[in-house]
Amino acid sequence: MKELDIASKLDIITSSLPFLKSEIWITVLLLMVIIIDLLPLKMNRRHLYLIALLGVVLDIFVLQFLVEANHQTFTSFTIVNTEWTVKSRILLDVCALLFYYFLWSNKTRYGDNDKKLSGESEWITLSLGMLLGGHTLVISNDFIFAILSLELISLPSYILTAFKHNKVSTEAAIKYFLFGAVSTAITIYGVSLIYGITSGIDLPSLQTPPQTHSSLYVIGLIFITIGFLFKLSGFPMHIWVPDVYESAPIEAVAYFSTLPKVAAAVFLFHFFENVDIINNHYLGLFILIAAVASMFIGNLSALYQKSLRRLMGYSSIAHAGFILIACLNTAEISANALFYYLCTYVIANFAFFIFISEVEKEKGNDLLESIKGTGWNNASLVWGPAIVLVVISLIGLPPVAGFTAKVLIFTSLWDVYQINNDQFYMLAMILGLLNTAISIAYYIKIPFQIYDRNTKAGLQISALNKSIIFILGLGLFILFLVPAILL
Amino acid sequence: MVTFLHYMLASAFLFSIGLAIALTKRSAIVALMGVELMLNAANINLVAFNLKNPALADGHAFAIFVIVIAAAEVCVALALIIKLFQYFKSVDLHQLNQLKEK
């Protein structure tokens, strides 16, 4: 490694290009959408969502059949191309797929002269940019690459937050931006410290640090995780979540409660794998504290929420805690646990946000009271049980996939405890289980309100949204029965 | 003789100033300046540590990318601040109080 000069390094970088087929296709799709939007065609601009949706489906096929995973990671490559990253990229594509379906089915029902409708190609280009950033963050094996992709996810999401064009969403966007900019700056500073210690800009050079326990090294590593904790909405960087979730457009909220989290979690897992977090006591402790604190903050604040959006915001902070716990163990089993957890989280979150958007459209607000008694008419036979399954999956109880995911995560944490016999891991496990119990108290309000015995109210959900909620709820049940689909 | 320690002290100083500005200043634009200082502190570190292994020029490459990131961030931030000014008629961060717990 040390004998490399710039020319041979550039050679290595160009030789890793053939593994980037799916990213190249996303870039082409992005340019295609811009060009089609500029053409003077007399088409309905909403069809652009369909084009993006088909493009993402094609990208899943590219990843499934054309991208070959290599079984050993090349140490000097700027990308990692293992089966694990291919799987995670497919999950990111599924996020984007659900997002475009959501946009398409929602915007079809607005009138043509609705002002908010304008900007289809902006929605698509910004979200495809986020998708591209997620893809590159997942495969990055190099801090330059990782930070550029982190910014590629962040910058479009600041803009998408302000897309509602009103006072509150602009305020949320500015808050989101300031937090994001500060946390990215902290991450970059941490990378510069680590670069000084290991004199390598790539992740594998972290495996052989000069002195593992120097305080500068630990501080650098903690600084690096800050920016990714921001994307995960984990403990020290969680303050933006409720505001943004409350005021951004609902489709965008559904998108950036899932895609950045998946990408950041997969990168953090890869990062911890290289740092060897199991033997790095201080970093492990920091991540444990962040995980437990985000669970407590999320769950305890969610208890008092009256609005569904804020409730989901706090619940996503709590879920970030569980995701962080899954990142702690670097064994193969934990990679599967993390992937399974992220899958169930993405499915449940999208189903629930589609439901919230319908509630908002019908009732004009997203308060818990406004869904009171909506589950008793015939139209709700399709979506009602599906929403109940989604909520149970978010709690983590059988018979849905959320239960299996939580079991897998706590198993992997137990394995770490067996390896290093550190009491803090045991404590974190007990507190995590306690938090699962706390979360029942607020999640259960939702089915309780839907099936309230004393009130009968109607809630019209469009056929497109109803069917996708049903499919997602059923998917969670099937994943519980046959977890082998994902593992 | 200027050693790595001097560079690191200078950059840590700059980073702290930037963080303090970003966290305490009322004006959105000044807070943005604080973020820029933090990014440039990282740049000093990167360019200085490049002396350890000059043939690879990793640090220089990274510093250039950080400058690009800073430029892109300012672009988005100024666009958002213009929108903010349209709605609030000021860029004072303390006046942003529409969103709070109900």
Side-chain angles (χ1 to χ4, degrees), chain A residues 1-6 9 142-145 147-148 150-152 154-156 158-159 161-162 165-178 180-182 184-193 195-197 199-202 216 242-244 246-247 301 304-307 310 367, chain B residues 4 7-8 11-12 15 18-19 22-23 28 31-32 34-50 52-53 55-59 61-66 68-70 72-77 79-81 83-84 86-88 91 93 95-102:
Chain A
M1 274 303 288
K2 296 285 177 239
E3 320 309 324
L4 281 177
D5 56 352
I6 298 179
K9 176 135 190 176
D142 187 314
F143 281 121
I144 299 181
F145 212 40
I147 282 170
L148 280 178
L150 190 67
E151 283 299 283
L152 197 51
S154 296
L155 293 178
Y158 307 143
I159 303 172
T161 311
H165 303 295
N166 59 14
K167 214 170 173 180
V168 278
S169 82
T170 316
E171 178 185 338
I174 279 281
K175 284 180 176 170
Y176 193 13
F177 171 80
L178 282 176
V182 169
T184 314
I186 292 175
T187 302
I188 295 175
Y189 189 72
V191 172
S192 76
L193 291 180
Y195 173 60
I197 293 169
S199 60
I201 215 81
D202 46 351
L216 194 62
D243 287 349
V244 170
E246 188 184 333
S247 49
S301 319
Y304 303 101
Q305 297 308 319
K306 291 188 180 62
S307 118
R310 280 187 101 88
L367 294 178
Chain B
F4 284 126
Y7 288 118
M8 282 181 71
S11 81
F15 181 78
L19 189 59
L23 293 182
L32 195 63
V35 174
E36 293 296 305
L37 281 187
M38 289 165 82
L39 289 173
N40 282 323
N43 272 347
I44 291 180
N45 263 352
L46 288 169
V47 176
F49 290 136
N50 193 58
K52 275 189 174 179
N53 195 355
L56 213 50
D58 268 340
F62 203 156
I64 289 170
F65 278 112
V66 172
V68 172
I69 287 173
E73 230 165 38
V74 167
C75 236
V76 171
L80 285 178
I81 288 173
K83 270 208 90 104
L84 189 76
Q86 284 175 355
Y87 288 115
F88 288 82
V91 291
L93 292 174
Q95 287 180 16
L96 306 182
N97 49 13
Q98 305 282 313
L99 286 162
K100 54 181 79 150
E101 301 284 337
K102 287 179 193 101

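Chain A is the first sequence line, chain B the second, and so forth, proteins listed ahead of strands; every chain is numbered from 1. In what follows, every heavy atom counts, from backbone to side chain, and hydrogens, waters and symmetry copies are set aside. Note that this is a predicted model, so its numbers are computed, not measured.
Heavy atoms of B:Lys83 lying under 4.5 Å from chain A belong to its backbone as well as its side chain. Looking at B:Asn50, the atoms closer than 4.5 Å to chain A (heavy atoms on both sides) sit in the backbone and in the side chain alike. Of the atoms belonging to B:Ala72, heavy atoms from both backbone and side chain fall under 4.5 Å from chain A. Interface remark: B:Phe62 contributes backbone and side-chain atoms alike to the contact with chain A (heavy atom separation under 4.5 Å). Heavy atoms closer than 4.5 Å to chain A are found in both the backbone and the side chain of B:Ala12. With a threshold of 4.5 angstrom between heavy atoms, B:Ala22 approaches chain A through side-chain atoms but not through N, CA, C or O. At a 4.5 Å heavy-atom cutoff, the contact between A:Tyr158 and chain B is made by backbone and side-chain atoms alike. Proximity to chain A is absent for every atom of B:Ile44, based on heavy atoms less than 4.5 angstrom apart.
Here the side chains of A:Phe143 and A:Thr187 are not in contact, with every heavy-atom distance at 4.5 Å or above. Counting heavy atoms from C-beta on, the side chains of A:Ile147 and B:Val66 never come closer than 4.5 Å. At least one side-chain heavy atom of B:Leu46 sits under 4.5 Å from a side-chain heavy atom of A:Tyr195.
Between the side chain of B:Tyr87 and the backbone N or O of A:His165, at least one donor-acceptor pair lies under 3.5 Å. With A:Ser192 contributing its side chain and A:Tyr189 its backbone, the two residues share a donor-acceptor pair below 3.5 Å.
The distance from the CD1 atom of B:Ile81 to the CG atom of B:Leu32 is 5.5 Å, given to the nearest 0.5 Å. Here B:Phe88 contributes atom CZ and B:Leu93 contributes atom CG; the two are 10.5 Å apart, rounded to the nearest 0.5 Å.
Considering only heavy-atom pairs separated by less than 4.5 Å from chain B, the leading option among A:Leu178, A:Leu152, A:Asn166 is A:Asn166. The choice from A:Ile159, A:Ile174, A:Val168 that makes the most heavy-atom pairs within less than 4.5 Å of chain B is A:Ile174. The greatest number of non-hydrogen atom pairs below 4.5 Å with chain A, out of B:Ala79, B:Ala57, B:Ala77, is found for B:Ala77.
Heavy atoms of other residues, nucleotides or ligands lying less than 6.0 angstrom from CZ of B:Phe65 number 12 at most.
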